[in-house]
> 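Okay, here's the structure, questions in a sec.
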Amino acid sequence: MRIPKSLKRIAVMVALCCSAPPALAETQPSNIVLIIADDLGVGDVRYLRSGPFATPNLDRLARESTLFTNAYVTAAVCSPSRAGLHTGRYQARFGHDFNPGSTSDQAEMSLPPGVPTIAGRLQRAGYFTGLIGKWHLEGRRAGASPLERGFDYYFGFASGGTYILNPREGDLLLRTEGEPIERTRSQGFSRMGAPVEIDAYKTDVLNQEALDFLARADSEDRPFFLVLAHHAPHVPLEATKTYVDRVAHIADPRLRAYAAMVTALDDSVGAVLDDLGRRGLKEETLIIFLSDNGCPPYISEVCSNAPFTGHKRDLGEGGIRSPFLIRWPKGTDGPKVYSKPVISLDLAGTILGAAGLQDQIRDIDGVDLSSHVKASGMTPHEALYWRAGTDLAIRKGDWKLIQVDLPQGGRQSFLFNLKRDPGETRNLAPVHPEKVLELEASWRQWNGGNTPSRMQGRVTTTRIAGVEVLARY
């Protein structure tokens, strides 16, 4: 006889509460699904902004969720952003400022052994945990694989790789800046630590693996935590004929390829939502969607961070803003729109709260957003902080300060009032030097508790308020 899922959850709740503080006995742990897009700009989801291609499933999720319109990630590139997301701590706490830029960086890019992950916390609490997709936190240090950092099941890849192993007629594969003319055709997959190649479109493969995980999780007598970390729409621009044909109305081949990749990503979101619904799990599952950072400058003619300036690799709003949706389990009320500034660190606190692990939230930098969205007068953070080596930024209220180096030498401060100037077009630092000093002092006080970067990173140039500056990533 099949045991109803609600009874299974109650049994797990009792088991968890036996070793938990009495306050947790009233909390039934939720299932949790965290979906991460890669380099998806805030201007590329239709529930936020109109555009040349559709995202119907993300739009559907948005209608069912709280939409956070002032949401940030902790870094403008993939690895440090994921370090913050998977731990709930500013990655500067443990010196993870950059994407790996050298051989020594590769050795240091894994999370330090003493830094707990959200998956590890949930695993110890009895959750069945799985990571499908991109990890990007696995260096050459022992104990760095997802299987050693809290995940019971892992199918994915360390950082990059192609989407299409063997191109077929009608597939669209385009080169972008910095890519080799001849790319090694590998999707870089690993299943439970063993390399494997699958001759299917990468986004489709990850989607099916996620559905397989949910089928297995449905048979478990415990709650589950699934991280579906897609590669799309990160370069290379590659899409199969199936998706290319669905955006055939787009004439520009580069935009068509990008639109096809986002379409595949959107389909995957819909498939996960539908599968949870068929299994009767949707109402008892916390569902989260975000991107790891903004879309990159080298495909800025086809992707969009609008209405913001800045891109992946820099600390402008376009580089660190993210689409950000939370669909609450049944019985948890929340507003349709939440406009106060939040950050990806808050997802760790929200997940721990949904798991009945409120006592562990004090160990992280994020908050449980479920309590904040119900209390409209509460502000989750007095300030938000960013560090990429010597590049720094802080947002406090409506004010944002960025300090970076100049190509010709020297350093410059940029001060913006984001309420009046969300596009960061007018530098108010010369007008309000006292505000610059105030924000700089707040940032330095925060940074005093951090660890120097363990990585060298790379340097590029970008523009802030019309001024050419250096950006470290």
Side-chain angles (χ1 to χ4, degrees), residues 34-45 53 55 58 73 75-83 85-86 98-101 109 131-138 156-165 171-180 183-189 201-207 209-210 227-240 243-244 254-269 289-305 310-314 318-323 344 458 460 473:
L34 170 61
I35 304 175
I36 309 170
D38 200 344
D39 289 8
L40 179 69
V42 291
D44 284 326
V45 287
F53 53 85
T55 56
L58 283 169
V73 290
V77 286
C78 303
S79 184
S81 177
R82 290 163 195 270
L85 178 59
H86 280 287
F98 302 115
N99 273 353
M109 74 174 294
L131 171 63
I132 308 298
K134 184 173 179 176
W135 177 231
H136 213 179
L137 296 171
E138 186 171 353
F157 47 96
S159 58
T162 61
Y163 290 82
I164 299 173
L165 190 61
D171 293 349
L172 187 56
L173 292 80
L174 302 175
R175 291 184 63 246
T176 57
E177 176 193 292
E179 290 187 285
R183 173 178 291 278
T184 301
R185 301 233 60 83
S186 172
Q187 294 172 315
F189 287 141
Y201 189 47
K202 191 173 200 174
T203 304
D204 292 345
V205 173
L206 295 179
N207 178 63
E209 288 285 334
V227 178
L228 173 53
H230 272 295
H231 195 194
H234 192 292
V235 297
L237 296 177
E238 297 184 354
T240 56
Y243 295 108
V244 172
R254 286 166 61 85
L255 179 56
R256 192 185 319 133
Y258 185 80
M261 295 173 74
V262 177
T263 298
L265 169 69
D266 184 76
D267 275 10
S268 177
V269 172
F289 177 84
L290 81 162
S291 179
D292 62 346
N293 47 249
C295 82
Y298 39 85
I299 57 168
S300 60
E301 74 276 16
V302 299
C303 68
S304 174
N305 294 320
H311 293 88
K312 176 182 180 178
R313 299 180 177 178
D314 70 62
I320 53 178
R321 287 282 192 125
S322 172
S344 52
R458 308 169 192 174
T460 187
Y473 68 101

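What you see is a predicted model; the values in this text were computed from it and never measured.
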> Starting from the C-alpha separation in whole Å, work towards a yes-or-no answer on side-chain contact (heavy atoms from CB on, under 4.5 Å) for Leu228 and Ser268.
CA-CA 10 Å; Leu228 173 53; Ser268 177; 3.7 Å; yes

> Measure the CG-SG distance between Leu85 and Cys78 for me, rounded to the nearest 0.5 Å.
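Answer rounded to 0.5 Å: 12.0 Å.
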
> Is a side-chain N or O of Ser79 found less than 3.5 angstrom from the main chain of His136, in a donor-acceptor match?
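Yes, Ser79 side chain to His136 backbone: donor-acceptor pair under 3.5 Å.
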
> From the options His231, His234, His230, select the one residue that forms a ring pair (Phe, Tyr, Trp, His ring centres under 6.0 Å) with Tyr163.
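When ring pair (Phe, Tyr, Trp, His ring centres under 6.0 Å) is applied between Tyr163 and each of His231, His234, His230, only His231 qualifies.
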
> If you look at every heavy atom in Asp38 and Asp292, which pair is closest and at what distance?
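Looks like OD1-OD2, 3.0 Å.
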
> Taking it one step at a time, do Arg82 and Val227 satisfy side-chain contact (heavy atoms from CB on, under 4.5 Å)?
CA-CA 12 Å; Arg82 290 163 195 270; Val227 178; over 6 Å; no

> If you look at every heavy atom in Arg254 and Ile299, which pair is closest and at what distance?
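Reported closest heavy-atom pair: NH2-CG2, 3.7 Å.
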
> Ignoring hydrogens and angles, tell me if any N or O in the side chain of Ser322 forms a donor-acceptor pair with the backbone of Ser291 under 3.5 Å.
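Yes, because the side chain of Ser322 sits within donor-acceptor range (under 3.5 Å) of the backbone of Ser291.
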
> Kindly give the heavy-atom pair with the smallest separation between Pro100 and Arg458, and that separation in Å.
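Closest approach of Pro100 to Arg458: O-NH2, 2.8 Å.
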
> How far does CZ of Arg313 sit from CG of Asn99, to the nearest 0.5 angstrom?
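Arg313 atom CZ to Asn99 atom CG measures 9.0 Å (nearest 0.5 Å).
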
> For Val73, is there any backbone N or O sitting under 3.5 Å from a side-chain donor or acceptor partner on Arg321?
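No; zero donor-acceptor contacts below 3.5 Å.
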
> Taking Asp44 for its side chain and Ser304 for its backbone only, find out whether a donor-acceptor pair lies under 3.5 Å.
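Side chain of Asp44 to backbone of Ser304, a donor-acceptor pair under 3.5 Å: yes, one is there.
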
> Determine, step by step, whether Tyr298 and His311 satisfy the side-chain contact (heavy atoms from CB on, under 4.5 Å) criterion, reporting the C-alpha distance in whole Å, the side-chain angles of both residues, the deciding distance to 0.1 Å, and the verdict.
CA-CA 9 Å; Tyr298 39 85; His311 293 88; over 6 Å; no

> Decide yes or no on side chain to side chain donor-acceptor pair (under 3.5 Å) for Asp204 and Tyr243, but give the supporting numbers first.
CA-CA 11 Å; Asp204 292 345; Tyr243 295 108; 2.5 Å; yes

> Between Tyr473 (side chain only) and Ala75 (backbone N and O only), is there a donor and an acceptor less than 3.5 Å apart?
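The answer is no, because no donor-acceptor pair under 3.5 Å joins these two groups.
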
> Do Thr162 side-chain atoms and Ser186 backbone N/O form a donor-acceptor pair below 3.5 Å?
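Confirmed, Thr162 side chain pairs with Ser186 backbone.
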
> Going through the distances and angles, do Lys202 and Phe189 end up as a side-chain contact (heavy atoms from CB on, under 4.5 Å)?
CA-CA 9 Å; Lys202 191 173 200 174; Phe189 287 141; 3.6 Å; yes

> Heavy atoms only: give me the nearest Ile164-Gln187 pair and the separation to one decimal.
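Between these two residues, the closest heavy atoms are N-NE2, 4.1 Å.
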
> Look at the rings of Phe53 and Tyr258 and say which category their plane angle falls in: under 30° parallel, 30 to 60° tilted, over 60° perpendicular.
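Ring orientation, 0 to 90° scale: perpendicular.
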
> Find the distance between CG (Asp266) and CG (Leu40) and round it off to the nearest 0.5 Å.
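CG of Leu40 is found 10.0 Å from CG of Asp266.
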
> Has Asp39 got a side-chain atom pairing as donor or acceptor with Pro296's backbone, closer than 3.5 angstrom?
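Side chain of Asp39 to backbone of Pro296: no pair is present.
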
> To check you understand the geometry: which heavy-atom pair defines the closest contact between Ala158 and Lys134, and what is its length?
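Taking Ala158 first and Lys134 second, the nearest heavy atoms are O-CG, 4.4 Å.
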
> Can you see which heavy atom on Asp314 is nearest to which on Ala76, and at what distance?
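Scanning both residues, the minimum pair turns out to be O-CB, 3.1 Å.
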
